Asker: 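Got a structure for you, questions after.
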Amino acid sequence: MEALKQKIREEGKVLSETVLKVDTFLNHQIDPKLMVEIGKEFARRFKDEGITKVVTIESSGIAPAVMTALKLEVPVVFARKHQSLTLTENLYRAEVYSFTKKVSNDIAISGDFVTAEDRVLVIDDFLANGQAALGLMEIVEQAGASLGGVGIVIEKGFQKGGDAIREQGVRLESLAIIDAMSPGQLTFRE
Ligand code: G4P
């Protein structure tokens with residue numbers, strides 16, 4: 001997606017060989033117009049998959065997921081990383097370890113909102129080692145729902161998440177794939 005790559009080139013800051021800062025438009029301040037375009041693009045790519053629900057994880061997955069769900073005209077459900085006062089029973093859970101942040105989160109979604117009748121599109125902002133997406137896929141499986149695909153805004157193609165998901169035969173669509181980066185330099189996959 002050219003507009004996204006352009007935005008990353010203009011505003012992204014490569015902090016190290018593995019961390020890209022995009023908090024001017026994606027995961028702190030949010031550019032709503034760009035999110036609308038991102039939602040349209042995911043909806044276009046997955047329009048024939050019969051998606052009934054978009055599933056994401058808090059917090060930065062929510063904006064692109066909502067815009068996608070709006071366009072597909074289906075609800076969006078986000079997995080919680082922290083215990084909720086009201087979300088206490090009928091839960092599907094998965095453990096998600098972040099190699100980037102070196103923390104483990106127990107993520108949860110209510111069985112009221114993802115069921116065996118659903119065909120799910122998983123959306124997230126970043127794909128690095130794939131733990132978050134794989135955790136969401138595990139929850140979809142626990143619910144007995146079918147997986148229509150995974151949509152990622154920025155995939156770091158040099159980390160192993162993309163391969164881990166594609167190897168499972170899952171349709172993975174990433175709007176920008178970065179093959180290499182170092183301070184001052186970014187290489188996108190064509
Ligand atoms: P993984 O799920 O693919 O294994 O990713 P990883 O554990 O490495 O990433 C965990 C968190 O770090 C995620 O946010 C993810 O969005 C973020 N992250 C990973 N790589 C980058 C990067 O290069 N730049 C930035 N800005 N973030 C990155 P999170 O903990 O779920 O936080 P949030 O969604 O509440 O923002």
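Quick caveat: nothing in here was measured; it's all calculated off a predicted structure. Whatever order the structure lists ligands and atoms in, that order sets their numbers, starting from 1. Note that the numbering runs from 1 along the sequence shown for the chain.
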Asker: How far is atom 25 (C) of ligand 1 from its nearest protein heavy atom, and which residue and atom is that?
Answerer: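 It is Leu20 O, 3.2 Å.
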Asker: Check the side chains of Ser104 and Glu95 for a donor-acceptor pair under 3.5 angstrom, ignoring hydrogens and angles.
Answerer: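 Yes - a donor-acceptor pair under 3.5 Å links their side chains.
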Asker: When rounded to the nearest 0.5 angstrom, what is the spacing between CD1 in Ile8 and CE in Met1?
Answerer: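 Between Ile8 CD1 and Met1 CE, I get 9.5 Å after rounding to 0.5 Å.
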Asker: What is the nearest protein non-hydrogen atom to atom 10 (C) of ligand 1, stated with its residue, atom name and distance?
Answerer: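 Checked against all protein heavy atoms, atom 10 (C) of ligand 1 sits closest to Ser98 OG, 3.3 Å.
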Asker: At the 4.0 Å heavy-atom cut-off, does Gln159 count as touching ligand 1?
Answerer: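 Checking ligand 1 against Gln159, which is what was asked, there is no heavy-atom contact under 4.0 Å.
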Asker: Taking only heavy atoms of Phe99, which atoms of ligand 1 are found under 4.0 Å from at least one of them?
Answerer: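 Answer, ordered by atom number: 7 (O).
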Asker: So, for atom 21 (C) of ligand 1, does the protein have a heavy atom nearer than 4.0 Å?
Answerer: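 Within 4.0 Å of atom 21 (C) of ligand 1, protein heavy atoms are found.
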Asker: Please state which protein non-hydrogen atom is closest to atom 11 (C) of ligand 1 and give its distance, to 0.1 Å?
Answerer: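 Minimum-distance protein heavy atom for atom 11 (C) of ligand 1 reads Lys101 CE, 4.0 Å.
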Asker: Are the charged groups of Lys156 and Glu17 less than 4.0 angstrom apart, N to O?
Answerer: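 Looking at Glu17 together with Lys156, the answer is no, because their closest N to O distance does not fall below 4.0 Å.
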Asker: Just to confirm my output: which protein heavy-atom neighbour is closest to atom 34 (O) of ligand 1, and how far is it?
Answerer: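 Heavy-atom neighbour on the protein nearest atom 34 (O) of ligand 1: Ser60 N, 3.1 Å.
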Asker: Among protein heavy atoms, which lies nearest atom 35 (O) of ligand 1, and at what distance?
Answerer: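 Protein heavy atom at minimum distance: Ser59 OG, 2.7 Å.
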Asker: Applying side chain to side chain contact (heavy atoms under 4.5 Å, CB included), run through Val22 and Ile154 and close with a yes or a no.
Answerer: CA-CA 10 Å; Val22 283; Ile154 304 175; 4.2 Å; yes
Asker: Test of understanding: given a 4.0 Å heavy-atom threshold, classify the contact between Asn27 and ligand 1 as side chain, backbone, both, or neither.
Answerer: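 The part of Asn27 near ligand 1 is the side chain, not the backbone.
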Asker: Quick one: nearest non-hydrogen protein atom to atom 5 (O) of ligand 1, plus distance?
Answerer: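 Its nearest protein heavy-atom neighbour is Ala128 CB, 3.5 Å.
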Asker: Does Gln142 use its side chain to pair, donor to acceptor, with the backbone of Arg93 at less than 3.5 Å?
Answerer: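 Answer holds: yes.
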Asker: Give yes if a backbone or side-chain nitrogen or oxygen of Ala132 is under 3.5 Å from a nitrogen or oxygen of ligand 1, and no if not.
Answerer: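 Ala132 vs ligand 1: N/O contact under 3.5 Å present.
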Asker: Under 3.5 Å, is there a donor-acceptor pair linking the side chains of Thr52 and Asp118?
Answerer: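 Short answer, yes.
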Asker: Between Glu41 and Arg45, is the side chain to side chain contact (heavy atoms under 4.5 Å, CB included) condition met? List the steps.
Answerer: CA-CA 6 Å; Glu41 182 61 20; Arg45 295 190 191 198; 2.8 Å; yes
Asker: Within the structure, is a non-hydrogen atom of Thr18 found at a distance of less than 4.0 Å from ligand 1?
Answerer: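 True for this residue.
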Asker: Quick one: does NZ or CZ of Arg119 land under 6.0 Å from the six-membered ring centre of Phe46, within 45 degrees of the ring axis?
Answerer: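 Judged by the rule, Arg119 and Phe46 form no cation-pi pair.
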Asker: Please check: side-chain N/O of Lys40 versus main-chain N/O of Lys71, any donor-acceptor pairing under 3.5 Å?
Answerer: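 Not confirmed, Lys40 side chain does not pair with Lys71 backbone.
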Asker: Identify the closest protein heavy atom to atom 6 (P) of ligand 1: which residue and atom is it, and at what distance?
Answerer: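 Scanning the protein heavy atoms, the shortest distance from atom 6 (P) of ligand 1 goes to Thr100 OG1, 3.4 Å.
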Asker: Under a 4.0 Å N-O cut-off, is there an ion pair linking Lys7 with Glu37?
Answerer: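 Salt bridge absent between Lys7 and Glu37.
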Asker: Based purely on interatomic distance, does Gly130 place a nitrogen or oxygen under 3.5 Å from a nitrogen or oxygen of ligand 1?
Answerer: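 Yes, since at least one N or O of Gly130 sits under 3.5 Å from an N or O of ligand 1.
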Asker: Purely on distance, is any nitrogen or oxygen of Gly61 under 3.5 Å from one on ligand 1?
Answerer: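 No, since none of the N or O atoms of Gly61 sits under 3.5 Å from an N or O of ligand 1.
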Asker: Closer than 4.0 Å to some heavy atom of Asp125 - which atoms of ligand 1 meet that?
Answerer: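 This gives 16 (O) as the contact atoms.
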Asker: Report, in ascending order of atom number, the atoms of ligand 1 lying under 4.0 Å from any heavy atom of Asn129.
Answerer: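 Once the distances to Asn129 are compared, the set is 1 (P), 3 (O), 4 (O), 5 (O), 8 (O).
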Asker: Contact between Leu136 and Val150 at the side-chain level, heavy atoms closer than 4.5 Å - yes or no?
Answerer: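 The answer is no, as the side chains (C-beta and beyond) never meet within the 4.5 Å cut-off.
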Asker: For atom 29 (P) of ligand 1, grab the closest protein heavy atom and report residue, atom and distance to one decimal in Å.
Answerer: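 Its nearest protein heavy-atom neighbour is Lys81 NZ, 3.3 Å.
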